[in-house]
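Accompanying notes for the structure given below.
Counting convention: from 1, in listed order, for ligands and their atoms alike. In this chain, residues are counted from 1 in sequence order.
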Amino acid sequence: MINSESFAGLGSTIASLMFLWAVCRQYFPYQLENYFSKYYTKFITLIYPYIEISFPEYSGQRLKRSEAYTAIESYLSNTTSERARRLKAEMGHDSDKLILSMAENEEITDEFCGVKLWWFSRKTSSDRQTISFYPTDNDKRSYRLTFHRRHRVLINESYLPLVIQQGKAIAVQKRKRKLYTNSSSFDYTEYRKLVWSHVPFEHPATFETLAIDPQMKDEIMQDLVKFSKSKEYYAKIGKPWKRGYLLYGPPGTGKSTMIAAMANLLDYDVYDLELTAVKDNSALRKLLLNTTSKSIIVVEDIDCSLDLSGKRKTGGDQQEGNKEEEEKNKAAMGGPPPGKEESKVTLSGLLNCIDGLWSACGGEKVIVFTTNHIEKLDPALIRRGRMDKHIELGFCKYEGFKVLAKNYLGVESHPLFGSIHELLKEKKISPADVAENLMPKNESEDQADLCLQTLVKALKECKSENEKDEEEKVEEEEQNLKTNEEMLENDGIVVDNEGKENKED
Ligand SMILES: Nc1ncnc2c1ncn2[C@@H]1O[C@H](COP(=O)(O)OP(=O)(O)OP(=O)(O)O)[C@@H](O)[C@H]1O
Ligand SMILES: [Mg+2]
């Protein structure tokens, strides 16, 4: 038996030899060094009969996280907690259970058909010395599997396929759904290889709680479920396995809520893509390549992120006043500060990512765009095939109100329902406004009565369809007039109070 002293002795001898080798090789002519390296490798193979396979986290020019790495990570997370000494802990799905996994630079042993193997989780930092204030991603992670060379066939043909298969199964089982975002309040995103940051997806909305036309609800649900089960069908017709939805309608009509309901129905992750934070088309491609299957990719308010001409909204042809205002708004909303370099994503870049050759990577993806102004969108962006289903979410109707009353107050009938029914026929009110009125404001018993009365009052004050249409028309005309005036002013033409045009000197 080898005692600890002889181990220490062996260790120090190897260390001295390695040090000697490192010193000597500096002075070797390179031809000689190659020669020695060859024999060194042969010598090592003789005394070290083990095979090492490494599984790096990123492959394929670092565009996409390796599937093998992810599967191994899940496989090892199951065995790790019993065997590893250094562990990482994460909060589990039901948030009172910790998930333990192997820490970096830690080794565990595994056994397969009586064969012993070693898994080592490796993290190396790049040799390149960079000085940065921000966390860098020069770290390369990989798993290294070591086993005796006489088990090569067994490991390659039986063990590794099993690890991948089990790893994938464990990942699906343990999967904690995530909400990803590409926007970051810091400016170091472009240096990071993990292009998406995520938080657990916890939105409670479901189709049951969604106040929309019941027939439309059923149709959407069936469409989604059909899509998620149509892998073979899509393969048969030669189409990438993805489906596009365009949700449009006035503010507060449940577009974002419906996306959450979709994710909950299909058990998908959500990628909230903030186009204004994407540097250019290739950054967009990289982002989309790094989305996993079983996910919904969301671009909210698409009309605000892309200009129809294919340029960004903040292009040079904008009115200065508007530009300043927009920059201020953006800064207030956490966007890039005024004067900061703008995103160069183009309409064609986005179209390419949605249904170009790259779009087929990953499969099983739902793409959702939302907008308040469908008329502002480029027809190319929303044509069938890109956005397969166009869903209009409108003002609250009686059916929708009944869902909200049941959700918020737990009532399915009430004497006030009749008058609310009548009022909703002519008044335009968003489900968000109805929901706000139905929200109990204190702990008293007769909440249902109080809230329904408030709603009736709010509905009476609310504009009717005709009034609202009239108002919208006037607003539109005013806007057109303003734009015309601005254009004339830019051309050096002054419009006096009576509407006469005078050319400036
Ligand atoms: N159809 C609906 N069913 C149930 N709740 C709704 C519905 N529409 C709106 N709400 C409620 O109103 C709030 C705002 O809705 P949501 O954010 O989904 O609106 P939106 O259409 O995305 O608006 P915006 O265009 O301004 O983004 C949500 O918190 C939700 O609870
Ligand atoms: Mg929204």
Exercise for the section: Would you check if the side chain of Asp267 reaches a backbone N or O of Ala263 as a donor-acceptor pair within less than 3.5 Å? Expected result: no
Problem - salt_bridge(Arg177, Glu202) N-O dist < 4.0 Å - result: no
Practice task
Could you point out which residue of Thr292, Asn290, Thr291 forms a side chain to side chain donor-acceptor pair (under 3.5 Å) with Tyr271?
Solution key: Thr292
Handout entry: Backbone or side-chain N/O/S of Ser256 under 2.8 Å of the Mg ion (ligand 2)
Key = yes
Check ligand 1 for close polar pairs with the protein: N or O on both sides, less than 3.5 Å.
residue	atom	partner	partner atom	Å
ligand 1	1 (N)	Ala211	O	3.1
ligand 1	3 (N)	Ala211	N	2.7
ligand 1	8 (N)	Gly254	N	3.1
ligand 1	18 (O)	Ser256	N	3.4
ligand 1	18 (O)	Thr257	N	2.9
ligand 1	18 (O)	Thr257	OG1	2.4
ligand 1	19 (O)	Gly254	N	3.4
ligand 1	21 (O)	Thr253	N	3.2
ligand 1	21 (O)	Gly254	N	3.1
ligand 1	21 (O)	Lys255	N	2.9
ligand 1	21 (O)	Lys255	NZ	2.8
ligand 1	22 (O)	Ser256	N	3.0
ligand 1	22 (O)	Ser256	OG	2.8
ligand 1	23 (O)	Gly252	N	2.9
ligand 1	25 (O)	Lys255	NZ	2.8
ligand 1	25 (O)	Asn372	ND2	3.0

Handout entry: Residue pairs involving residues 224-233 (criterion side-chain hydrogen bond (donor to acceptor under 3.5 Å, both in side chains); sequence neighbours excluded)
Key = none
Problem - Cationic N near anionic O, under 4.0 Å, Glu219 to Lys389 - result: yes
Handout entry: Electrostatic pair Arg141-Glu104, nearest N-O below 4.0 angstrom
Key = yes
